[in-house]
Amino acid sequence: MDGRFLLLFAGVGAILILASLIGWVLSHRVRSDKGRDTVRNLNDRIKAWWVMVAIFAVAFTFGQTVTLVLFGLTSLYCLREFISLTPTRPADHTALVFAFYVFLPLQYYLIGIDWLALFSIAIPVYAFLLLPVLAVARGDTGEFLMRSSKIQWALMLTVYCISHAPALLLLNIPGYENFFLLFFLVTIVQLSDVLQYVFGKLFGKHPVAPRISPAKTCEGLIGGGLSATAAGAALWWITPFTPLQAAGMAGAIVLAGFLGGLVLSAVKRSLGAKDWGTMIEGHGGALDRMDSVSFAAPLFFHLTNYFFTV
Amino acid sequence: MIRQLILAATRFVVGGHPNWIGTTPSARQRIYFANHGSHLDTVLLWSALPDDLRRATHPVAAADYWGRNAVMRYFSTRVLNAVLMSRDARGGDPLAPLRAVLDRGESLIIFPEGTRGNEELPGPFKGGLHHLARDYPDVELIPVYLDNLSRAWPKGSWVPVPISCSARFGSPVEAVAGEDKRGFLDRARQAVVALA
């Protein structure tokens with residue numbers, strides 16, 4: 001194991017201990033009801049963060065297979081949340097069986113056996129063609145186009161896009177340990193989310209998209225986005241990038257992540273829900289945490305693949 | 001142990017989060033009546049109840065399906081604590097096994113549609129619920145809506161998909177003096193529909 005792993009996890013651990021201490025102090029000092037809610041929300045987030053970091057430590061320690069299984073389970077939970085909120089019909093059942101039990105495991109299996117070409121087209125081509133065929137065989141034409149799109153969107157967002165994060169392990173960058181790319185991606189996305197939240201709470205006045213996601217403000221986006229980009233530049237030494245390239249990559253991740261959060265909020269609202277699920281305390285559902293990853297991962301994967309692999 | 005495994009597997013695949021809207025868990029004698037969309041309905045509703053209530057609550061299952069061979073019979077009556085009921089009226093009072101449970105002071109889970117449907121809303125209710133309500137006026141009648149189950153495991157398919165489902169418990173349906181059978185059954189059905 002690389003000494004940099006220990007350094008990174010020690011750093012993350014130190015930040016979380018500090019965050020937990022701040023949360024603990026705040027919870028004893030806050031007086032107003034509204035403040036209490038905010039602090040409780042913050043502390044729940046910190047708690048969930050500990051769990052996420054523990055999971056990542058396990059993944060990094062035990063290598064690619066365990067990482068794939070963990071991301072596969074994440075996709076499973078996200079897909080389940082998406083489909084649970086999306087009104088499908090009993091006639092979609094066969095298509096859903098294939099989405100859950102064939103295309104989801106297949107996507108991660110293809111990463112495991114390093115079959116990048118099929119990994120890139122399995123869901124956009126084969127699932128796209130097969131799932132509506134399975135649905136049409138049941139003979140229910142009511143809202144057919146809408147139902148097919150819902151299942152395809154669910155698969156694209158929760159399986160195809162998210163699987164691009166562990167697929168970073170496949171990129172061929174000579175003399176480089178790819179786990180750091182995954183660490184870089186997930187760290188920047190989550191930092192950007194939490195910093196936007198904090199900056200928004202502290203300075204937020206002007207909502208970016210009041211009808212879609214009233215909690216996202218220009219101040220939060222700029223403050224959180226710039227500091228996450230700076231953090232990305234500061235992490236250049238674990239990436240194959242120069243500091244400037246690392247800042248550019250982090251900026252792209254921040255922007256894609258922000259847009260992903262916005263798009264998925266719109267999807268959620270069109271389904272009449274506030275959170276995707278109740279799995280993680282303080283975080284809504286798993287998809288509420290992964291929405292930015294699902295947009296940032298494919299972009300980061302392809303930028304890195306295009307500019308930095310042989 | 002089989003029971004714990006089945007409860008755990010059910011919770012993992014379809015969730016089954018209880019949502020007590022119109023009432024709270026109580027040891028009072030009750031008849032829970034719900035919409036029926038899949039084979040998992042019984043297990044899901046039963047697992048949504050707290051442990052201590054589950055022990056004294058018996059799902060009602062169709063004898064022609066759940067009692068058709070020794071394995072099914074063992075599973076339904078021993079593991080799920082179900083009482084089997086004959087769906088055809090020949091051979092005396094089909095409600096006799098249900099009355100036996102109520103006479104012992106224990107609770108029942110029934111699906112008054114009598115069969116599984118593939119719609120979001122339940123079909124018309126059969127008369128058994130009315131007879132039981134009339135003969136056991138002290139038993140609370142709790143409407144329950146099982147959400148998403150007909151999508152997770154629709155009639156005629158061989159495997160469930162992991163869609164989260166929930167059980168919503170409504171406020172008790174009271175008997176109204178002078179109401180006829182059809183009126184009562186419609187009102188009971190509406191109580192389930194209102195939770196959808």
Side-chain angles (χ1 to χ4, degrees), chain A residues 69 72-105 127 131 134-135 137-140 142-143 146-147 150-151 154-155 158-159 268 271-281 284-288, chain B residues 8-21 34-45 47-48 50 111 113 115-123 145-169 192-196:
Chain A
V69 170
L73 285 173
T74 307
S75 279
L76 174 67
Y77 269 101
C78 291
L79 182 59
R80 177 190 192 176
E81 282 173 6
F82 196 107
I83 297 291
S84 298
L85 278 187
T86 308
T88 57
R89 295 209 200 187
D92 296 319
H93 191 260
T94 320
L96 288 174
V97 166
F98 270 74
F100 274 106
Y101 301 132
V102 177
F103 284 105
L104 192 160
L131 296 181
L134 294 172
R138 300 285 283 262
D140 179 358
E143 303 196 341
M146 229 164 354
R147 283 158 44 210
K150 281 170 186 162
I151 299 176
L155 261 186
T158 62
V159 181
K268 205 160 51 177
L271 296 171
K274 184 181 162 285
D275 285 326
W276 284 105
T278 49
M279 187 181 114
I280 319 176
E281 208 183 335
L287 198 47
D288 287 298
Chain B
T10 308
R11 286 188 180 133
F12 180 75
V13 176
V14 290
H17 182 70
N19 198 346
W20 298 85
I21 297 172
N35 58 319
H36 198 15
S38 99
H39 286 316
L40 286 175
D41 290 357
T42 309
V43 186
L44 187 99
L45 208 171
S47 73
F111 298 99
E113 292 164 82
T115 185
R116 287 172 293 145
N118 257 353
E119 298 301 320
E120 261 172 59
L121 298 180
Y145 182 74
L146 299 170
D147 192 22
N148 273 346
L149 266 164
S150 57
R151 295 202 291 135
W153 201 358
K155 195 171 183 169
S157 46
W158 46 275
V159 59
V161 291
I163 294 178
S164 315
C165 306
S166 64
R168 300 194 199 118
F169 296 84
V192 175
V193 170
L195 296 165

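Convention: sequence-line order gives letters A, B, ...; per-chain numbering from 1.
- Neither the backbone nor the side chain of A/F82 comes within less than 4.5 Å of any heavy atom in chain B.
- In this structure, A/S84 contributes its side chain and B/I163 its backbone to no donor-acceptor pair below 3.5 Å.
- Proximity of a side-chain donor or acceptor of A/H93 to a complementary backbone N or O of B/S157 within less than 3.5 Å is not detected.
- Side chain of A/R80 to main chain of B/V161: no donor-acceptor pair is present (N/O by atom type, distance under 3.5 Å, no hydrogens or angles).
- Contacts of A/L76 with chain B are made by side-chain atoms alone, with heavy-atom separations under 4.5 Å and no backbone atom involved.
- The two residues A/Y101 and B/P162 have their closest heavy-atom pair at OH-CD, 3.4 Å.
- With values rounded to the nearest 0.5 angstrom, A/L85 atom CG is found 8.5 Å from B/N148 atom CG.
- No donor-acceptor distance shorter than 3.5 angstrom exists from the side chain of A/R89 to the backbone of B/R151, with no hydrogens or angles considered.
- The minimum heavy-atom distance linking B/S150 with A/P90 is given by the pair O-CG, 3.9 Å.
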